[in-house]
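Reckoned from all heavy atoms, side chains included, excluding hydrogens, waters and symmetry mates. All figures in this text were calculated on a predicted structure; none of them were measured in a lab.
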Amino acid sequence: MILRKLAWFFLLCKLSFASSHDDDSISTAIRQLEDSAEYLKCNVIVVDTEYGEDTNVDESDTDEFFCNPIVNAESGHSSSFSYLLELPLDFLNNNREKLLKGDRQILIKEGTINNGTVIIPDDTRIILKPGGRVIEDLSGYVTRRVLVLRVSTIGSNQTYTTDELSHNFFADNDLTLKSQYAACSHGKLTFEPVSSNVSDHIEGGVLDVELNVTAHSMERNELGNLAIGEAERLIGNNLIDVANNIIICQPPDSLGDWVAYAYVHQPYSVYKGEWCGFISANMHEVGHNLGFKHSNLPAAQGSDGIYGDRTDYMGWSYPRQKWPAMCFNAQKNWQTGWFADKALHIDVSNGVWSGKLATFVDYDNAKDDEYVVIKVGEKLYFQYNRAKGMNAQTHDRPNELVVVESKLEGTELLGGLDGNQFNSTFFQYNNFENSNKTLFITICSRHDGNNITDADYFQISVGLDAIDCNVTMSPSESPSLSPSSSPSASRVYAGHHPDRGQLCDDDMEQEIAIPGFLNIKCSFLQNSPEGPVRDFLCNTTRASEVCMETCGTCSDSCKDEGPFFHYEKGFQDCEWLRTQPNFESLCRPGDTPRYYCRETCNSCESCTDNNEDSFNILWWGEKNCTWVNSMPEDKKSWWLEYLCVPDQKAYDNVPKHVVDAKLFQNVTIPPLNSRIEVNGITVIGLLQNSSRMPEKLYAKEDIS
């Protein structure tokens with residue numbers, strides 16, 4: 001007994017000397033512990049969960065950890081099942097970054113499993129080490145086999161039939177998991193259904209699993225383990241031996257207010273009821289299987305920032321089938337390696353880089369000097385988020401150069417550059433990577449391809465404290481900067497408050513009487529292809545007055561960005577906004593509806609100072625926008641910082657936008673070869689001496 005205790009003492013000394021959490025130096029000592037039956041050994045699984053709209057769960061911290069028990073330490077073979085792993089808080093805080101990598105194993109002295117949960121004794125020994133199953137490299141051409149488990153329980157039937165699930169996941173002629181991943185990867189990643197040759201029970205990649213339990217009587221993971229066990233009994237094999245991805249469709253009355261969850265870097269994703277048929281949820285959760293983390297807005301926005309990047313599927317998921325068609329942001333596209341031959345890592349310490357950024361949508365047409373995803377430094381990525389083809393319904397920042405930053409919990413969308421503004425706006429990232437210099441990105445020009453042989457691209461410039469757009473362009477490449485035509489009609493949006501939307505809009509409520517036919521609404525015309533029917537109705541009925549935009553009675557360049565946006569834990573659209581009694585307050589500057597419903601809120605195409613109204617400034621008395629604009633630039637900057645905040649009346653009179661400069665901002669800069677004084681510093685052309693610029697700059701543009 002004494003000798004055994006001494007052996008343990010020396011082993012512990014060895015572990016302590018090597019640092020108890022140093023993955024590389026303690027590997028030899030850990031192997032000795034693995035041979036001991038006293039330790040429960042697990043692959044650590046990171047589980048990420050999406051919840052319903054009415055949940056009280058803080059979605060800023062939805063990562064859970066599960067134990068996938070290792071059956072044979074020598075071979076590394078693990079169980080098919082997983083169990084909730086509630087780690088001690090101090091251990092979790094000290095090792096969270098390592099745990100979130102998804103490639104760790106854990107040893108728990110005297111750990112046991114009871115009722116679906118790992119029981120960890122108080123003050124027991126817990127050791128973390130490298131290991132665990134990790135999804136293989138996705139670069140190159142990869143085919144993955146997928147098996148869908150259609151789970152039914154006592155008193156609860158599945159939302160979808162077997163045929164419907166097979167179509168939802170594998171149809172080539174619809175928006176499905178298979179077709180969209182193939183499109184977004186340009187054929188690099190293909191999901192194929194597990195063949196019925198594996199088992200007669202499999203039909204179209206779907207396996208029906210019937211369980212003799214009630215879904216609402218057990219935790220979701222317990223129900224998942226039962227489904228996996230029954231599925232393996234039916235096919236006579238381990239699921240991970242026949243499929244790379246296993247999708248589990250649980251009944252709609254499964255316990256809890258979750259809607260979907262997935263194992264990060266692992267094969268399993270699970271959905272409740274109808275969510276198994278929603279393409280955005282499928283792409284999102286399988287994305288976690290592939291190692292993708294969430295696409296968020298900056299952490300400063302709190303829980304509102306989680307899932308807030310809606311340029312890609314790793315942001316919000318939507319309760320809708322066959323919509324939206326979009327792909328992934330720049331960091332994910334870099335991570336996958338799908339575009340490795342068109343990816344560029346810029347070292348800005350070497351000076352300004354100028355070149356072509358083609359949209360990833362046109363990857364197959366990109367020339368040798370056109371890149372589709374660019375990385376700057378170690379954490380910043382950007383791409384041209386062109387809204388067309390398989391990315392036509394990208395929600396946020398369509399047709400913009402979109403910048404994201406990689407973080408531990410995922411990526412954060414820092415912002416985008418408007419593809420219609422050249423040589424006039426830029427993003428800046430102050431003190432980029434602790435260099436005491438500012439990173440600038442600007443679009444110098446835009447080239448529209450032909451969708452056949454030429455790619456759409458931006459000519460861009462990237463640099464520290466400098467950018468360079470002195471690029472000679474042929475006339476055919478020179479962008480047109482003329483504004484869109486103004487509305488030609490004087491009619492207002494019939495049936496709605498005249499201020500609720502610009503002049504050129506369809507009235508979606510009014511009916512149009514068609515002699516000898518049923519009454520129609522504008523939605524009928526919108527869904528009709530352009531041609532004789534639409535022309536006849538627009539030219540011979542009141543449709544030209546009610547459906548002005550669809551009929552071409554007038555036009556404007558301001559558009560709502562719908563169809564849906566997330567607001568106060570729910571999904572709304574701009575039509576909902578128009579009917580709200582507090583419409584004006586919902587459209588206030590800085591609020592979500594104003595950003596997504598720009599036409600409805602009149603928050604674009606209105607970059608004009610209101611010189612008729614005045615505002616009172618302490619002992620200076622009544623002043624107006626003319627007074628502000630008459631100042632020298634250095635004094636004007638100071639006054640704008642004071643006046644252009646929401647609690648000042650001038651905020652509504654002077655449409656100049658003050659943007660937080662802690663990371664970067666969208667700022668109007670002087671044209672090439674011009675001079676302007678900013679706080680006593682002469683700025684020439686494209687702000688070559690920008691390291692000495694003031695903390696905030698100002699953009700003369702709409703406050704939205």
Side-chain angles (χ1 to χ4, degrees), residues 174-175 320-325 386-395 398-399 419-420 448 450-451 456 480-565 572-580 583 587 593-607 702 704:
D174 213 337
L175 187 60
R320 184 173 171 182
Q321 288 184 286
K322 304 176 184 179
W323 180 91
R386 188 74 167 94
K388 69 176 186 178
M390 74 290 202
N391 197 51
Q393 293 164 332
T394 178
H395 252 204
N399 305 315
N420 292 312
D448 292 331
N450 57 17
N451 294 323
D456 298 345
S480 172
L481 299 181
S482 59
S484 301
S485 59
S486 301
S488 58
S490 60
R491 304 178 183 89
V492 298
Y493 190 170
H496 288 299
H497 190 286
D499 292 335
R500 300 187 179 187
Q502 291 196 334
L503 298 181
C504 188
D505 292 282
D506 291 349
D507 180 355
M508 303 303 293
E509 301 300 326
Q510 282 205 42
E511 292 188 343
I512 306 163
I514 309 297
F517 195 68
L518 297 175
N519 292 350
I520 65 169
K521 293 185 177 182
C522 293
S523 57
F524 176 85
L525 289 176
Q526 291 174 354
N527 295 325
S528 300
E530 294 185 20
V533 174
R534 182 188 288 189
D535 292 344
F536 173 79
L537 293 173
C538 287
N539 293 329
T540 62
T541 70
R542 288 184 60 247
S544 61
E545 299 179 5
V546 178
C547 312
M548 294 189 298
E549 190 165 21
T550 297
C551 285
T553 308
C554 61
S555 64
D556 63 40
S557 60
C558 189
K559 303 295 181 185
D560 288 337
E561 296 192 20
F564 296 105
F565 56 88
Q572 309 294 350
D573 60 16
C574 299
E575 193 64 30
W576 164 85
L577 178 62
R578 295 188 186 104
T579 64
Q580 300 307 299
F583 170 86
C587 279
R594 182 180 178 90
Y595 178 81
Y596 288 101
C597 303
R598 297 190 177 197
E599 183 175 24
T600 298
C601 288
N602 268 331
S603 60
C604 55
E605 300 290 345
S606 57
C607 188
D702 180 63
S704 64

To the nearest 0.5 angstrom, please state how far the CZ atom of R542 sits from the CD atom of E511. 10.5 Å

Sequence neighbours excluded, the answer for side chain to side chain contact (heavy atoms under 4.5 Å, CB included) partners of C538 is L525, R534, C551

How many angstroms lie between OG in S544 and CD1 in I512, if you round to the nearest 0.5 Å? 8.5 Å

Check W323 against L175 and note the closest heavy-atom contact, atom names and distance. N-CD2, 3.7 Å

Locate the shortest heavy-atom distance separating Q510 from K521; write the atom from each residue and the value. O-CG, 3.6 Å

Partner residues of K388 under the side-chain hydrogen bond (donor to acceptor under 3.5 Å, both in side chains) criterion, sequence neighbours left out: D362, N451, D456

The criterion is side-chain hydrogen bond (donor to acceptor under 3.5 Å, both in side chains); which residues satisfy it with D535, sequence neighbours excluded? none

Within the structure provided, determine whether I520 and T541 are in side-chain contact (heavy-atom separation under 4.5 Å). no

Applying side-chain hydrogen bond (donor to acceptor under 3.5 Å, both in side chains) to T550 and not counting sequence neighbours gives D506

What residues form a side-chain hydrogen bond (donor to acceptor under 3.5 Å, both in side chains) with Q321, not counting sequence neighbours? none

List for me each residue that meets side chain to side chain contact (heavy atoms under 4.5 Å, CB included) alongside N399, sequence neighbours excluded, and say none if there are none. R386, A387

